[in-house]
Every structure is written in structure tokens, then in C-alpha cells.
Amino acid sequence: MTLRSRALLATAALALCLPLGLVASAETEPAPVQTKDVDTPQVVEAPKTAPDAAIERGRYIAVAADCVACHSNPKSGKPFSGGYALETPFGTLLSSNITSDPETGIGRWTEAEFTRALREGLGKDGQHLYPAMPYTSYTKMSDQDVHDLWLYMKTVPPVRNAVVTNQLPFPFNIRALLMGWNLLFFEQKRFQPRADKSAAWNRGAYLSDALAHCGACHTPKNILGGDKSSEAYQGEVLQSWYAPDITPSKTGGIGDWSKDDIVQYLKIGSNRMAVASGPMAEAVTNSTQHLTDADLAAIADYLQTLPPGPATEAPRTAVTGAVMAQGKRVFDAQCKACHASDGTGIRHITPSFPGNTAIQSNEVAGIVRTVLAGGRGAITAENPTGAAMPSFAWNLSDQQIAAALTYIRNSWSNRAPPVTAEAVASTRKTLNLNAVGRAPHPAP
Ligand code: HEC
Ligand code: HEC
Ligand code: HEC
């Protein structure tokens, strides 16, 4: 074995230990860390500042790149002051204080250091940042955008809040391991516009890939947490959420969505088919709803031209028999009021199930999670209520939940493999919802 390949292997072994998760889903963390729960979606506004054109552009970048959501503790109400917990399979990371406070924020940083953090994933003293901070996307940002963002960040009022970001246990807390990870999965590269595409398409690609880091959640990851770039946007499971395939695949993705459907989803958090919940609701609430209509249309243009993900394999014959009968009983008793007997729900409040690809995906983590833990739609200017779905962990057994979901996935025009009681049990365990000391209701 050559020295180099041995070094690579060692690097890979070390990189294995790295946190892969990019999603804040902190419902299991104890105090004093700020955590979020399903019922209180995080809403933090980037503060407004003096009307200087470059600074105002910088504020728009901060919103599009969703810096504020990750870098703010919603309970403190102090934007950018850090302390927001990001769960990874290896432990918790807290976001840094990036206000202009000289002691605990980035008040003593230079523009060059700030630029390096965004583009190279390095802290003030050159230490490696964890990729939960999406520098793998921000590396594509333009000089102008980084500069305007810096001008805006300098105007953010200082907040004194010392945060120790690295809460990972040994050995994952060793930052030097990230050197290996970067070597394998990180390419420092600015966005390259494509000459054969329209200006709108290029704008959409830039917004999605560089600023809004949609792929951080929607692009499949390899075992070391690096992007499988050849499968961009084809769907990934994050902890117990599923960020679906958003390519134009007709069976697995959003190939049946019109451009307006996409724009509407990103603007108000729902459309005729879907209601954004969980991490997507946060992305809509804090970021995409504030984008201009032209920018949202550009994102839609881009998504609609992505190479489609693989077709999902639906079973040729419908599931029938006892499970479907039990599923219908549970659905009629517990779900029909909000989801309607034909599964089409209530427009902009609950999703429509017939023909909904995310509901029929082979990845059932997301839908199982919603039924167990409940959920809440995005809160937006145009839809300020953000309808909630109750948690059924306490009153339905694993088998009842599995049957209800199997029923939804195989009624109307839908065809998908059944959801097993084991899958529900496993998500129940992950979500730590076992402890509730109430016996399941007798099967309806
Ligand atoms: C998905 C969550 C997330 C988003 C979005 C995000 N960050 Fe971060 N950021 C983090 C985390 C977590 C850390 C701490 C990483 C570490 O300690 O290794 C961090 C660290 C940083 C640091 C280094 C601070 C220090 O003291 O070392 C800077 C600067 C920074 N982020 C700026 C930004 C800016 C500007 C944006 C928007 C363009 C942004 N971040 C978006 C999660 C995020
Ligand atoms: C923090 C993780 C995260 C980020 C960042 C993110 N998404 Fe999502 N997205 C999700 C999850 C999780 C869902 C599933 C939501 C649900 O089940 O209600 C989702 C759902 C969607 C859907 C609906 C798909 C369907 O079939 O119902 C679309 C469209 C979408 N996202 C587009 C985007 C775009 C465009 C971006 C970037 C501007 C983006 N997302 C950024 C996590 C994310
Ligand atoms: C009080 C109204 C209400 C009831 C009762 C209800 N739901 Fe929901 N459901 C919602 C709302 C609102 C949403 C959209 C927000 C969300 O996804 O969290 C939703 C979303 C869903 C989703 C989509 C999740 C996703 O990941 O996109 C599924 C699946 C679902 N419900 C199944 C069920 C089942 C099964 C039952 C009965 C056991 C049920 N619901 C009962 C209101 C309800």
C-alpha cells in the first residue's frame, strides 16, 4: 500500500467520525442548550439597518442564505447571537455568535477572515469549521455578495454571548479531522454561470446551490456525509425528516408541479399538493418567503431542469386485506376530519395525498415522524397561522400508525409499499416517544 493511499484510508476512517447532519432538530436536547420543538417554529428577523444600497443588498443575501435562522437563538430574540443547537448523529453543535460584539462575536474579524470562513470553512485563527456551517455551498458565492454581506454583518448590533460551539464528544470534537473530510468532499470553487442557459436559470442555480444551500438537505449524502453530486437534489433522510426528491422525476420528485406550484410553496409554505413542515417550514418562514418573485421563479426554472431522480418502484398490485381495512378504520376515526375522506385535505392547511410523490416515497421516515410527533406548517406573511398536525404517539400503536399510512399510500390513485410497524417502532425510539405512559387505545 502506498503512503498516499494509506493516508487516504486513515483520513477516510477519521472522516467517518464526522458529524453529517446539517439539520437542526433538537427536540431531544436538555437545557441549557437552546432547542426547538415542533410547535414553536423559529421565526427570527434579520434586523433592518440604515438604507444604504450595498448594506440592504447584504441583508437580502443574509436572508437568502438563511444565516439568521442558524445563528440565532429564537428564545433570546437576539438575531445572530448564536447558541442555536444543531443535532448531528455524533452530538450537538452550537452556532457561533456572529454579531459585531468584539469579545464574543466577530467584531474583531477582518473582511478577509470573514470571506475565508464562508469560502474555506476556516475560523478566525484558521481552525476548521464543521460543515454544519454550509461553507460547502457558500464557497460558490460571488465576490460582490460576500462583500455586501460583510457590510451588512458589520451593522448588526453587538450582543455579548459567549458560545462554545463544539459540544461534540471525543473524538468527534477534534477539528483537525475536518482536514481529511475537506480533502475528500470539499472543492473550493466559485459559481460558474452556464453560457447555454438563460440569465434566470443561472440566477436560480446560484440561489439554490450557493446561497440557499437547498442541497444541504435535499442532496443524497455518502457514508461520510459528503454530497453525491451526481444525484443532486434527489432526496435525503435527515435524522427522522425526509427532504424529498425535488427534481422533475414524475414518480419520485416534483415532476407534476408547475412552476407556479413551486413558487407558491416557497412563498407561502403550501400549494395545492403540499404543506411545508419541519426544517422546510423553517426555511420558508425565515428565508424563501422573503425572496423576490423573480428570484423564486428563477429557482423554479432551475429545479425544473435538473436531471430527474430515479423512478420509485411502486408495487404493481395494490395492498389489500386486513391492513388496509384497519388503516381505513384508523383514518376515518382519527385523520379524516383534517385530511378529508378522499385524502385531498383542506387547501393550504393540510396536504393533498392523492398523487403526492413525497407521501408515496420509499423513504417513510418523514411521514412516520409527522404522525408520531405531529407537525406544523410554515408561518408566512400570506399564511400566518401555520396549521398544526397533532401528535399520535400517545394514542395509536405502531401497528395502527403503520396501517393508517399504508392506507394513505395505497388509496385513491396511490401505490406504494406498506409501512411496517417496525419502521414506526424505530422512529418512535429515535424520537424518544416511548416514555409516554399511556396505553394505546384499543384498535378501532
Ligand atoms: C445550517 C446552519 C448554518 C447556517 C445556515 C449558517 N451557519 Fe455559520 N455556523 C454554523 C455553525 C454550527 C457554526 C460553528 C461551526 C464550528 O464551530 O465549527 C458556524 C460558524 C460560523 C462562523 C465562524 C464563527 C467563529 O467564531 O468561528 C461564521 C463567520 C459564520 N458561521 C457566518 C455565517 C454566515 C455569514 C452565514 C450566512 C451566509 C452562516 N454562517 C450560515 C451554522 C450555520
Ligand atoms: C434544512 C433542510 C432543508 C433546506 C435547507 C431546504 N429544504 Fe426543502 N425540504 C426539507 C424537508 C425536510 C422537506 C419535507 C417537508 C415536509 O415533509 O413537509 C422539504 C420539502 C421541500 C419541497 C416539497 C417536496 C414535496 O414533494 O412535497 C420542495 C419543493 C423543497 N423542499 C424545495 C426546497 C428548495 C428549493 C430549497 C432551497 C431554496 C430547500 N427546499 C431547502 C428540507 C430542507
Ligand atoms: C387536526 C388536524 C389533523 C389531524 C386530525 C391529522 N392531521 Fe395529518 N396533517 C395536518 C396538517 C395541518 C398537516 C401539514 C403540516 C405538517 O405536515 O406537519 C398534516 C400533514 C400530514 C402528513 C404529511 C406529512 C409530511 O411529511 O409531509 C401526513 C402523512 C399526515 N398528516 C397523516 C395523518 C394521519 C395518518 C392522521 C391520523 C392518524 C392525521 N394526519 C391526522 C393536520 C391533521
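Ligands are counted one by one from 1 in listed order, and the atoms in each one are counted from 1 as well.
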Return yes or no for this condition: an N or O of [X] is under 3.5 Å from an N or O of ligand 1.
X      : result
Lys124 : no
Arg175 : yes
His71  : yes

Applying a strict 4.0 Å limit to heavy atoms, is Ile254 in contact with ligand 2?
yes

Decide, counting backbone as well as side-chain atoms, whether His218 has an N, O or S atom less than 2.8 Å from atom 8 (Fe) of ligand 2.
yes

Using a 4.0 Å cut-off to any heavy atom of Ala132, which atoms of ligand 1 qualify?
1 (C), 2 (C), 3 (C), 42 (C)

Are [X] and [Y] close enough that a side-chain donor and a side-chain acceptor fall under 3.5 Å?
X      : Y      : value
Asp145 : Tyr138 : no
Glu87  : Thr92  : yes
Tyr135 : Asn182 : yes
Asp245 : Thr247 : yes

I need the Tyr130 OH to Leu177 CG distance, nearest 0.5 Å.
7.0 Å

Suppose we only count N/O/S atoms under 2.8 Å; would Cys70 qualify as near atom 8 (Fe) of ligand 1?
no

N, O or S from Ser95 under 2.8 Å to atom 8 (Fe) of ligand 1
no

Set of residues that line ligand 3, where lining means a heavy atom lies under 4.0 Å from it:
Val275, Ser277, Gln334, Cys335, Cys338, His339, Ile349, Thr350, Pro351, Phe353, Ile359, Gly366, Ile367, Thr370, Val371, Gly375, Arg376, Gly377, Ala387, Ala388, Met389, Pro390, Phe392, Leu396, Leu405, Ile408

Tell me, with the steps shown, if Tyr60 and His290 meet ring pair (Phe, Tyr, Trp, His ring centres under 6.0 Å).
CA-CA 8 Å; Tyr60 187 80; His290 302 294; 9.4 Å; no

Identify whether the distance between the nearest side-chain nitrogen and carboxylate oxygen of Asp143 and Arg119 falls below 4.0 Å.
yes

What do the steps show when you test Leu149 against Val146 for side chain to side chain contact (heavy atoms under 4.5 Å, CB included), and what is the final call?
CA-CA 5 Å; Leu149 177 58; Val146 174; 5.7 Å; no

